[in-house]
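Only heavy atoms go into these numbers, but all of them, side chains included; no hydrogens, no water, no symmetry mates.
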2 protein chains.
Amino acid sequence: MNDNTLAEQIADSLRRDILLGRLAPGALIKERDSSAGLGVSRTPLREAIRILASEGLVTLRPSRSPIVANPSLKEITDDLVVMNALEILAARLACMNATAGELDRITALHEEMLAISDTADAVSYFEVDMAFHRTITAASHNLSLADTHRSYMARLWRPRFLAASLRRDRPRVLRQHGDIVQGLISRDMGLVSREVESHTRHLVTNITDLYERHPNGQPGETVTGQAAMEPPRDPALRPH
Amino acid sequence: MNDNTLAEQIADSLRRDILLGRLAPGALIKERDSSAGLGVSRTPLREAIRILASEGLVTLRPSRSPIVANPSLKEITDDLVVMNALEILAARLACMNATAGELDRITALHEEMLAISDTADAVSYFEVDMAFHRTITAASHNLSLADTHRSYMARLWRPRFLAASLRRDRPRVLRQHGDIVQGLISRDMGLVSREVESHTRHLVTNITDLYERHPNGQPGETVTGQAAMEPPRDPALRPH
DNA sequence: GCAACGATTTTGGTATACCAAAATTCGACG
DNA sequence: CGTCGAATTTTGGTATACCAAAATCGTTGC
């Protein structure tokens, strides 16, 4: 059998459907229908739904069908505030704990992002953006922090993706990333804190703008393009 | 039937067993045996185990029995670092957002703690301590932050409880709590940040001491006394 | 017409049965 | 006496069946 359990595969599949907009916010996820649609039984589908609920992508209601989460702007902003604090902490810890190899990987991702910024589509561009932030978090050498941060990244995936699609902002983002890289390499905790904070502040502004243009439901239609879109990995189980 | 689902009740029960030390760190939780022992079927027990795993109290291993988590000192310290950041953020937000009523509740809890500090047993004392910190987090008016913080409180419950049992530290803890209350009331974000940080630093020291005296497994035997011990509520489902 | 009520259907929650890895046991062989 | 390996047992993963709330819809009485 496959190395992953069925429930995890289903969670991955549903997560893609939600994040790419194929499952609209507020849509019902009936256990019988969905499991039949995927050709599996209800048991692993139920488990998958709980996984997604713990990531904030699905809302559980007592004795009622789970629905695709439809967070309000306040909830998204609240999540961003928390993720901001986690990223600042991660960056500061990375200043202290990152190995030379990790700094190289971060630098390489930044340079790749610079290289493709003119030509890449939103999807490929965003993939590198995600990898950049995730690598910094990993360099903190704090597994709990990395897990929690990953969870917030997942639930903020869609708003972040939409914001990253604003091509006019790419120069600023790249400049800030460059400053963060500089701060990490020189192990300047004050600098990285300021830059991460500023980075998030712009993100909040952009997402607020987008949200006010498309108050509820789908800001922008289904994400098309390559199906090889990186589905965020579910939080790794920690083998203590 | 009861208002809570069976899986949640099982999770509550297992959580109490783990946190009070009735289930030793590293102990196997076999699905068949445990479910039979509780007189329920495997399905809700499985779900309960996933809940506890998401709280970090149980470790899942592929195709092997789940075991009670047995975190290393580094993992506990890592968790404390994250919780510290979350508490600082919560306290700063509470400075901005707390209502007068919430500040009153926080003050009342602090005064209750002062009143019972000489007479109370470890369990009752710790209950108030938990409530104090949880109320501050709630006053941040950021639900995600409160949930995430609650999760870290849960997984750090046992080390925190053992540290709080050190009676010699109570005067310092009470003084720091008083400073935090003052900072909140005067909405002085700098003050509360410093005090929360210092609070956590002492906690890390105490837990490190305890851990080095009892490296693995049980530092201190099963918690006895009243069975009415507050079992931490599982993270509330957020009705968006 | 319409509102209140009850039968039917739908749906999540739980129990049970089955399957396939993984662990264990025990005997054959060196 | 030790070691390797196959049969057996144990155990987590999955499918299916059953139950009880909740929602839906049709009916009835006003």
Legend entry - Results of salt bridge (charged side-chain N to carboxylate O under 4.0 Å, His left out) for R92(A) - residues two or more places apart only: none
Inset, instruction - Tell me, please, which residues at least two apart from R201(B) pass salt bridge (charged side-chain N to carboxylate O under 4.0 Å, His left out). - result: E197(B)
Legend entry - Length of the CD-P vector between E47(A) and dG12(C), whole Å: 17 Å
Inset, instruction - Name all residues meeting the ring-ring contact (aromatic ring centres under 6.0 Å, His included) criterion together with H141(A); count only those two or more places apart in sequence or in a different chain, and write none if there are none. - result: none
Legend entry - Residue list, side-chain hydrogen bond (donor to acceptor under 3.5 Å, both in side chains) with T137(B), at least two apart or on another chain: H149(B)
Legend entry - Atom-pair distance (CG on L6(B); P on dA21(D)), nearest Å: 14 Å
Inset, instruction - With the side chain of S65(B) defined as its heavy atoms from C-beta on, choose the nearest nucleotide among dT11(D), dT14(D), dT11(C). - result: dT11(D)
Legend entry - Spacing between K30(B) atom NZ and dA22(C) atom C1', to the nearest angstrom: 13 Å
Inset, instruction - Please check the phosphate of dG13(C) (OP1 and OP2 only) for any side-chain N or O of R46(A) closer than 4.0 Å. - result: yes
Legend entry - Aromatic Y152(B) / basic R155(B) pairing, under 6.0 angstrom, 45° off normal: yes
Inset, instruction - Let me know the distance between CG of D33(A) and P of dT10(C), rounded to the nearest Å. - result: 10 Å
Inset, instruction - Please identify each residue that fulfils salt bridge (charged side-chain N to carboxylate O under 4.0 Å, His left out) with E47(A), with sequence neighbours left out. - result: R46(B), R50(B)
Inset, instruction - To the nearest Å, give me how far apart CG (N4(B)) and P (dG13(C)) are. - result: 12 Å
Interface polar pairs with nucleotides 16-19 of chain D, N/O, under 3.5 angstrom:
unit_1: dT16(D); atom_1: O4; unit_2: T43(A); atom_2: OG1; d: 3.3

Inset, instruction - Would you mind telling me which residue lines up with the more 5' stretch of DNA chain C, S63(B) or P44(B), judged by nearest nucleotide? - result: P44(B)
Legend entry - Rounded interatomic separation in angstrom, taking CG from L45(A) and P from dT11(C): 14 Å
Inset, instruction - Would you mind reading off the distance between E31(A) atom CD and dA20(D) atom C1', rounded to a whole angstrom? - result: 15 Å
Legend entry - Whole angstrom value for the distance that separates P of dT11(C) from CG of L28(A): 9 Å
Inset, instruction - May I ask you to evaluate whether R50(A) reaches the phosphate of dG13(C), defined as a side-chain N or O under 4.0 Å from OP1 or OP2? - result: yes
